[in-house]
Amino acid sequence: MIRVRTLTHRYGDSSGESDGGGGGGSGSGGGGVAAVEDVSLDVADGEFLLLAGPNGSGKTTLVRHFNGLLDPDAGTVEVNGRPVAEDVVAARTAVGMVFQDPRDGFVAATVGADVAFGPENLGLSHEEIDRRVDDALAAVRLAGKRDARIEELSGGERERVAIAGALAMDPDHLVLDEPFTGLDWPARQAVLERLDDLHSSGRSVVVVTHDLRDLVSRADRVVVLSRGRIALEADPADVDPDRLADLGVRPP
Ligand SMILES: Nc1ncnc2c1ncn2[C@@H]1O[C@H](COP(=O)(O)OP(=O)(O)O)[C@@H](O)[C@H]1O
Ligand SMILES: [Mg+2]
């Protein structure tokens with residue numbers, strides 16, 4: 001379980017915005033506008049959660065707290081019962097994260113080496129690493145690209161390498177931040193099917209998106225952020241399309 005309590009995150013001390021007059025009424029102490037403000041959220045084991053909201057609503061900031069990539073200004077995050085702040089390594093092992101823009105996230109020159117990097121750091125046998133890399137690449141339809149150089153790949157292929165890297169870690173919780181941006185339809189379907197597999201094997205899956213197509217039917221719950229706060233939390237069957245549109249989310 002990922003457990004977030006009264007989480008607030010502000011960037012910088014006073015980034016460019018002079019935010020002068022005080023007021024604001026958010027009751028915050030530090031400078032700057034909160035990108036995430038007073039958010040409490042549980043991701044249950046085995047849950048498929050959609051985290052939606054328009055650009056700038058705080059989605060990326062929120063999920064970057066799930067494995068300690070950011071430190072809270074206030075509030076706490078626990079993963080599988082352990083505070084992330086106390087054990088970032090455990091959080092990173094338990095929570096796989098696929099970033100919005102993987103261009104800078106690669107650690108190796110070739111596809112296979114990049115996907116193997118995480119499993120190598122888990123101290124697995126060579127056979128097990130090999131098997132995981134093969135399985136993960138097959139899952140994202142890149143089985144033939146193991147020896148390809150990442151710099152030669154298209155944007156959509158790179159996105160899939162990033163997803164394969166997270167799959168190869170076999171995490172308890174997988175978080176994908178806008179994973180479909182550069183993907184064509186077959187690749188998108190392949191990734192969705194793999195997410196279904198993970199979900200049915202008991203992993204929790206968090207998909208961050210501003211576009212709910214194909215996703216609502218899969219999800220157990222939809223959470224919509226607006227200006228850093230949770231504006232809507234609902235069973236997908238009960239989500240009102242007009243309400244979504246009001247919050248800046250394209251209805252499915
Ligand atoms: N590195 C950063 N430095 C300063 N402000 C940031 C940074 N990243 C995001 N922000 C701001 O925080 C808010 C939330 O951004 P973000 O979490 O990226 O939202 P989303 O993922 O929903 O688009 C936005 O106002 C954004 O401009
Ligand atoms: Mg984002």
Side-chain angles (χ1 to χ4, degrees), residues 2 4-20 23-41 43 49-77 84 91 95-105 155-156 158-160 162-163 165-166 173-183 188 191 195 205-213 215-216 219 221-234 239 243-252:
I2 301 172
V4 178
R5 284 297 172 275
T6 60
L7 177 72
T8 293
H9 186 92
R10 274 178 217 97
Y11 287 103
D13 282 323
S14 56
S15 59
E17 307 249 355
S18 75
D19 204 31
S26 67
S28 56
V33 176
V36 166
E37 185 148 26
D38 197 28
V39 166
S40 296
L41 176 72
V43 183
L49 175 70
L50 287 184
L51 182 60
N55 274 340
S57 56
K59 306 181 297 296
T60 296
T61 303
L62 174 59
V63 300
R64 288 173 80 92
H65 284 273
F66 291 179
N67 65 0
L69 290 166
L70 294 173
D71 289 323
D73 287 298
T76 56
V77 182
V84 172
V95 182
M97 191 83 76
V98 179
F99 297 108
Q100 190 161 7
D101 185 356
R103 242 168 305 185
D104 311 318
R158 287 180 199 201
E159 181 75 42
R160 284 184 282 156
I163 293 168
H173 317 282
L174 182 63
V175 180
L176 303 104
D177 191 352
E178 307 275 6
F180 305 112
T181 310
L183 300 193
R188 182 182 167 108
V191 169
L195 296 185
V205 177
V206 178
V207 177
V208 176
T209 185
H210 59 263
D211 176 1
L212 300 178
R213 285 176 305 163
L215 286 163
V216 167
R221 190 160 52 119
V222 180
V223 170
V224 180
L225 289 185
S226 173
R227 298 192 183 127
R229 292 176 176 270
I230 293 180
L232 176 72
E233 193 171 348
V239 174
R243 178 90 175 104
L244 283 180
D246 285 347
L247 292 169
V249 178
R250 189 203 299 191

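Both ligands and their constituent atoms are indexed starting at 1 by order of listing.
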With atoms numbered from 1 as shown, which atoms in ligand 1 lie under 4.0 angstrom from a non-hydrogen atom of Ala35? 12 (O), 13 (C), 14 (C)
Is the Mg ion (ligand 2) less than 2.8 Å from at least one N/O/S atom of Thr61? no
Counting from 1, what ligand 1 atoms have a heavy atom of Ser57 closer than 4.0 Å? 19 (O), 20 (P), 22 (O)
If only atom types and distance count, is the side chain of Thr8 paired as donor or acceptor with the main-chain N or O of Asp38 below 3.5 Å? yes
Just by modelled atom types, is the Arg10 backbone N or O under 3.5 Å from a matching donor or acceptor in the Asp73 side chain? yes
Just going by heavy-atom distances, which of Thr60, Asn55, Leu62 is nearest to atom 21 (O) of ligand 1? Thr60
Evaluate Gly58 for polar contact with ligand 1, using N/O atom pairs at a separation under 3.5 Å. yes
From the list Val4, Thr76, Leu70, Val84, side-chain contact (heavy atoms from CB on, under 4.5 Å) with His65 holds only for Leu70
Sidechain-backbone polar pair: Lys59 side chain, Gly53 backbone, donor-acceptor under 3.5 Å: yes
Which of these, Pro54, Gly56, Gly12, Gly228, has its nearest heavy atom closest to atom 14 (C) of ligand 1? Gly56
Using modelled atom types and a 3.5 Å cut-off, is there a donor and acceptor pairing between side-chain atoms of Ser40 and backbone atoms of Thr6? yes
